[in-house]
Amino acid sequence: DTGVSQDPRHKITKRGQNVTFRCDPISEHNRLYWYRQTLGQGPEFLTYFQNEAQLEKSRLLSDRFSAERPKGSFSTLEIQRTEQGDSAMYLCASSPPMGGGYEQYFGPGTRLTVT
Amino acid sequence: AQTVTQSQPEMSVQEAETVTLSCTYDTSESNYYLFWYKQPPSRQMILVIRQEAYKQQNATENRFSVNFQKAAKSFSLKISDSQLGDTAMYFCAFMNYMDSNYQLIWGAGTKLIIKP
């Protein structure tokens, strides 16, 4: 069990640029979540995948955000035309299939700074 | 909609003391999970303890225990014999497992500082 990994750990970009983050869940976990966390706050739910299907998206996920999970393995989160308000920590978490527990296991996060 | 409230933005105790972090939540559901997560400085979120709402017995994990009061919608975390490594942000989180997406609803966190 190598844990949830995220890449990159840090990203600095200029306003208006596109960025893409990657999350690799724990190998046997079929459920995957993206959260956003701003400084001094708890995480906020962005989206949820079960296998390759994106089953839920938060209203926080504007049209500039898109997430994919091809083949039900790793996931990517893309932000187009970044804005300064997008600066945050983006957390990925995974969970085992139903019956395997409800705990979510988190990766180290990707810290995005938009200048 | 469910909400989670942590009323203590920051707490500070001496090493080896016992500390209790408070959490209240609001829900109309009867089946749910509650969690405490720990986020050390610049490190990832780690699950500390979980509680199933249908269980009356309070969960314990070594030095960590909870006081779950379902009627009062209260879920506090007690850390016994606190250690320097317990210094972290602590988040209380709620999950309605009848909800198809199993998302976590989070409190704003409590910053816990353990002083030597």
Side-chain angles (χ1 to χ4, degrees), chain A residues 1-7 9-10 23-26 29-51 53-61 67 88-111, chain B residues 1-10 21-25 29 31-55 59 61 75 77 88-112:
Chain A
D1 180 355
T2 57
V4 179
S5 61
Q6 292 186 246
D7 184 69
R9 296 289 304 277
H10 303 274
C23 170
D24 286 88
I26 294 170
H29 288 186
N30 69 334
R31 292 182 281 158
L32 187 147
Y33 303 80
W34 285 98
Y35 293 87
R36 181 171 67 188
Q37 185 181 22
T38 53
L39 202 61
Q41 297 297 315
E44 295 171 297
F45 171 78
L46 292 179
T47 191
Y48 162 63
F49 289 86
Q50 184 169 304
N51 301 310
Q54 187 175 21
L55 298 185
E56 187 78 19
K57 289 197 300 184
S58 165
R59 287 171 295 174
L60 293 174
L61 218 61
M89 177 77 84
Y90 290 84
L91 300 173
C92 177
S94 69
S95 280
M98 287 300 296
Y102 291 95
E103 294 88 349
Q104 294 183 18
Y105 298 86
F106 283 81
T110 294
R111 182 169 295 285
Chain B
Q2 294 91 357
T3 59
V4 177
T5 302
Q6 294 180 250
S7 59
Q8 304 151 313
E10 184 170 324
L21 309 183
S22 66
C23 171
T24 58
Y25 58 94
E29 303 293 335
N31 296 313
Y32 50 87
Y33 283 107
L34 294 162
F35 302 88
W36 279 98
Y37 278 86
K38 167 185 176 181
Q39 190 175 38
S42 302
R43 296 186 62 186
Q44 68 196 74
M45 198 78 77
I46 303 165
L47 177 65
V48 174
I49 198 166
R50 78 168 195 182
Q51 175 79 42
E52 293 90 335
Y54 65 86
K55 289 187 178 179
E61 288 287 343
F75 182 61
L77 174 70
M89 284 291 293
Y90 285 81
F91 293 96
C92 177
F94 171 99
M95 177 193 289
N96 171 17
Y97 64 79
M98 300 304 289
D99 191 352
S100 59
N101 65 23
Y102 312 104
Q103 67 170 277
L104 289 168
I105 309 297
W106 299 79
T110 295
K111 183 177 182 181
L112 177 63

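Both backbone and side-chain heavy atoms feed into the values below; hydrogens, waters and symmetry mates do not. In what follows, every chain begins at residue 1, and chains take the letters A, B, ... in the order their sequences are listed.
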* Of the listed residues (Gln104(A), Gln6(A), Met89(A)), which shares the most heavy-atom pairs with chain B below a 4.5 Å separation? -> Gln104(A)
* Structure fact -> Rounded to the nearest 0.5 Å, the CD atom of Gln51(B) sits from the CZ atom of Phe94(B) at a distance of 13.0 Å
* Asked: To the nearest 0.5 Å, how far apart are CD in Gln6(B) and CZ in Phe75(B)?
  -> 10.5 Å
* For chain A, find which of Arg43(B), Gln44(B), Met95(B) contributes the most heavy-atom pairs closer than 4.5 angstrom. => Gln44(B)
* Asked: Where on Leu104(B) is there a heavy atom nearer than 4.5 Å to chain A: the side chain, the backbone, both, or neither?
  -> both
* Could you state the interatomic distance from OH (Tyr37(B)) to CG (Leu47(B)), rounded to the nearest 0.5 Å? -> 5.0 Å
* Asked: Under the side chain to side chain contact (heavy atoms under 4.5 Å, CB included) test, which residues partner Gln39(B), sequence neighbours left out?
  -> Gln37(A), Met45(B), Met89(B), Phe91(B)
* To do: Identify, with sequence neighbours excluded, every residue that meets side chain to side chain contact (heavy atoms under 4.5 Å, CB included) alongside Glu52(B).
  => Tyr33(B), Arg50(B), Tyr54(B), Lys55(B)
* **chain B interface, residue from Pro43(A), Pro108(A), Gly109(A), Ala93(A) that has the most non-hydrogen pairs under 4.5 Å** => Pro43(A)
* Side chain from CB out, backbone as N, CA, C, O: work out which of these in Tyr35(A) comes under 4.5 Å of a heavy atom of chain B, or both, or neither. => side chain
